[in-house]
Each structure stands twice: as structure tokens, then as C-alpha cells.
Amino acid sequence: MGKILFLADIHGNMPAVRVLEKEIGRIRPDQIWFVGDAVGKGPENDQAADWVRAHCTRAVRGNWDDGICGNYRKHDIPRLDFFCDQLGEERIRWLESLPFEDEVLLSGIMIRVVHGRPTDRLFQAYDTWEQMAEGFISKQTGKIYGSYICADSHMPYIRACVQGYAVNTGSVGNSLGIPRVHALLAEGDIGGTEKTPVSFSILSLPYDNEEAAMIAQRYPELPNMQAYQNEVRTGVYSR
């Protein structure tokens with residue numbers, strides 16, 4: 001069986017990324033897919049973007065990625081200027097080049113890979129089947145998929161629906177509920193058209209949350225710094 005690691009929502013949190021990188025060395029996935037939001041919220045966005053570019057086989061764009069790109073061009077959301085200045089033109093162009101969705105064939109299941117917003121709704125673990133069903137259909141092409149992998153909610157889950165599986169990677173750097181590094185490991189026949197065994201498992205890794213919070217102190221211009229620090233320490237979303 002082949003292994004694909006799906007990860008998302010780094011949000012500029014490099015201590016969390018370094019822990020995940022060690023786990024990647026242990027499990028040795030055949031492919032690494034990034035499911036959006038390398039940047040925003042946290043302090044080290046340039047490093048996060050560069051890490052994704054260096055390590056990920058495929059990548060899609062998330063709502064924070066898209067919003068920061070839009071602000072870089074229009075400068076209409078001043079609170080995002082910190083992220084834009086940190087990233088610079090070349091990284092912004094890379095983020096703009098990412099598609100909003102992708103697909104992968106695994107053990108006979110064609111899987112849609114999408115962050116969630118901005119193309120779709122925010123898919124939550126507690127959604128009804130009817131709400132989950134929206135994710136099986138591409139908003140760009142109308143294609144119907146046998147399963148989908150998303151992110152955006154910052155909470156991992158695996159849901160079995162009538163149409164197939166709805167799976168969320170959770171967040172690497174800004175997990176809500178349980179403040180650990182989360183990612184999704186999918187195992188099966190990569191590119192295989194026949195229906196063969198497939199598995200999905202959630203990785204849950206402890207990391208130095210206090211280190212992540214204190215790194216933010218080095219960037220006094222980081223928007224909503226205290227809210228970000230509270231989130232990485234406690235897993236409680238700050239509104």
C-alpha cells in the first residue's frame with residue numbers, strides 16, 4: 001500500500017511544523033499533499049510557505065492564503081499587511097498559482113481535495129449528512145466524487161456518508177479543541193482503479209505550544225497576537 005500524508009493549516013507555526021517533519025521521517029509517505037492555509041494568524045509565514053514548497057508533492061489554496069494574496073494586490077485589509085510584507089512578491093505569486101481544488105485516485109476511489117473556504121462552505125465534524133454532501137461536488141466543474149478530503153475547521157474527523165467518506169486533516173499549527181499537531185495519513189493503492197483496501201488515520205503529535213506562543217512575541221506587529229497565543233496554548237478559538 002502507498003502512503004499519502006495530507007496536512008493543512010500551518011498558519012505560520014514553525015515549531016509545530018518541525019515536530020511534523022520528524023514524524024514524516026518516521027512514516028516515510030510516498031506523497032505529501034498540502035490542503036491549504038500555510039499562512040496567516042501566526043508569525044513565521046515566509047518559513048511556512050517555503051517549507052510547503054520544499055516538501056509537498058501537491059498543494060491547494062486556502063481561504064487565508066487567498067485573502068492575503070488579495071490584500072497584497074489591493075491593500076484593502078490593513079490588518080493583513082504584516083503577512084503580505086513578510087511573504088513578498090515571489091511567495092505571493094506562488095500562492096496565487098495554487099488551485100482551489102485537486103483530486104487523487106486511491107484504491108478505486110476518486111477523492112476531491114479542497115481546503116473548504118473560499119470555494120466551499122466550512123465543513124464541520126457535526127454537520128448533517130445534507131451539509132456534508134455539498135463537498136462531494138466540485139464547485140468549479142460540477143464533477144461528483146466518491147470521497148473528499150478537506151481542512152479549514154482546524155479539527156480532524158473522518159465521517160462515513162451515503163456518498164462516501166468526508167475527511168478533515170485537522171490543523172498542523174492552529175488546532176482547535178486539542179492543541180496538538182494534526183494531519184491525515186491515507187493508505188491505499190495510489191492511482192489504482194480497482195477497489196482495494198484503503199485506510200485513513202489521524203496523526204496527533206504533541207509539540208511545544210509555549211515555544212510557539214513565545215515566538216509570536218518577537219513580531220510585535222503580528223495582528224491579534226494575544227488571540228493567536230491563546231489558541232496555540234489552549235486550543236480555544238479567540239473571537
Side-chain angles (χ1 to χ4, degrees), residues 4-21 23-25 29-104 111-120 122 138-141 148-154 168-174 181-184 212 215-216 218-219 221-224 228:
I4 304 178
L5 183 66
F6 294 90
L7 59 100
D9 292 294
I10 291 174
H11 286 297
N13 184 343
M14 290 307 294
V17 170
R18 286 190 287 272
V19 167
L20 178 62
E21 189 170 7
E23 184 68 7
I24 289 172
D30 298 286
Q31 298 180 16
I32 302 174
W33 284 51
F34 184 69
V35 195
D37 278 4
V39 301
K41 298 177 77 73
E44 296 182 311
N45 301 274
D46 48 354
Q47 295 181 49
D50 291 346
W51 188 91
V52 171
R53 296 172 74 180
H55 292 85
C56 295
T57 311
R58 304 286 284 268
V60 299
R61 196 184 332 175
N63 57 307
W64 273 88
D65 303 325
D66 190 57
I68 289 169
C69 288
N71 184 71
Y72 187 87
R73 301 303 178 197
K74 299 178 182 178
H75 295 286
D76 55 351
I77 310 176
R79 66 183 176 84
L80 298 182
D81 286 343
F82 167 85
F83 307 111
C84 296
D85 294 341
Q86 197 174 59
L87 290 168
E89 174 72 27
E90 200 276 333
R91 293 186 184 92
I92 290 291
R93 286 203 307 269
W94 169 72
L95 285 171
E96 289 175 329
S97 74
L98 298 181
F100 285 112
E101 62 180 283
D102 206 337
E103 63 183 31
V104 59
I111 302 173
R112 182 182 182 222
V113 181
V114 63
H115 183 73
R117 296 172 298 175
T119 58
D120 290 57
L122 174 62
S138 168
K139 301 301 181 291
Q140 296 182 312
T141 66
Y148 67 93
I149 293 171
C150 63
D152 197 17
S153 74
H154 295 199
N168 192 295
T169 66
S171 171
V172 172
N174 192 233
V181 174
H182 291 106
L184 170 73
I215 285 175
R218 304 174 192 170
Y219 300 85
E221 296 181 356
L222 177 67
N224 302 315
Y228 169 77

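Hydrogens, waters and symmetry mates play no part in the numbers below; they use all other heavy atoms, side chains included. Start at 1 with the first residue, then count along the sequence. Since this is a predicted model, take the numbers as computed values, not measurements.
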Where [X] and [Y] come nearest, the two heavy atoms and their spacing:
{"X": "A212", "Y": "Y228", "result": "O-CE2, 4.1 Å"}
{"X": "A151", "Y": "V35", "result": "CB-O, 3.8 Å"}
{"X": "W64", "Y": "V39", "result": "CB-O, 3.4 Å"}
{"X": "L20", "Y": "V181", "result": "CB-CG1, 4.1 Å"}
{"X": "D66", "Y": "P118", "result": "OD2-CG, 3.8 Å"}
{"X": "F34", "Y": "A8", "result": "CE1-CA, 3.8 Å"}

Any sub-3.5 Å donor-acceptor pair from [X]'s side-chain atoms to [Y]'s backbone N or O?
{"X": "D9", "Y": "V172", "answer": "no"}
{"X": "E44", "Y": "P15", "answer": "no"}
{"X": "Q31", "Y": "T57", "answer": "no"}
{"X": "D152", "Y": "R117", "answer": "yes"}
{"X": "R61", "Y": "L98", "answer": "yes"}
{"X": "T169", "Y": "F6", "answer": "no"}

For a quick check under 3.5 Å, do E101 and T119 share a side-chain donor-acceptor pair by atom type?
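The answer is no; no qualifying pair exists.
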
Gap between atom [atom2] of [Y] and atom [atom1] of [X] - 0.5 Å precision:
{"X": "I68", "Y": "L80", "atom1": "CD1", "atom2": "CG", "answer": "5.5 Å"}
{"X": "R112", "Y": "K139", "atom1": "CZ", "atom2": "NZ", "answer": "5.0 Å"}
{"X": "N45", "Y": "D37", "atom1": "CG", "atom2": "CG", "answer": "10.5 Å"}
{"X": "I24", "Y": "C56", "atom1": "CD1", "atom2": "SG", "answer": "7.0 Å"}
{"X": "L87", "Y": "R93", "atom1": "CG", "atom2": "CZ", "answer": "12.5 Å"}
{"X": "R53", "Y": "R91", "atom1": "CZ", "atom2": "CZ", "answer": "7.5 Å"}

Non-neighbouring partners of A48 that pass side-chain contact (heavy atoms from CB on, under 4.5 Å), sequence neighbours left out
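Partners of A48 by the side-chain contact (heavy atoms from CB on, under 4.5 Å) criterion, ordered by chain and then number, come out as I10, M14.
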
Residue list, side chain to side chain donor-acceptor pair (under 3.5 Å) with N71, at least two apart or on another chain:
D81

I'd like to know if R73 pairs up with E89 as an ion pair, taking the criterion as any Lys NZ or Arg NE/NH1/NH2 lying under 4.0 Å from an Asp or Glu carboxylate oxygen.
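Here R73 pairs with E89 in a salt bridge, since their nearest N and O are under 4.0 Å apart.
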
Would you say I4 and D30 make side-chain contact, with heavy atoms under 4.5 Å?
no

With a 4.5 Å limit on heavy-atom distance, are the side chains of Y72 and E96 in contact?
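The answer is no; the side chains never approach within 4.5 Å.
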
Can you list the residues that meet the ring-ring contact (aromatic ring centres under 6.0 Å, His included) rule with H55, with sequence neighbours excluded?
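Listed in chain order: W51.
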
Counting only heavy atoms not in N224 (residues, nucleotides, ligands), do more than 12 fall under 6.0 Å from its CG?
no

Assign the ring pair H154 / H11 to parallel, tilted or perpendicular, where the plane angle (0 to 90°) is split at 30° and 60°.
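If you compare the ring of H154 with that of H11, the planes turn out tilted.
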
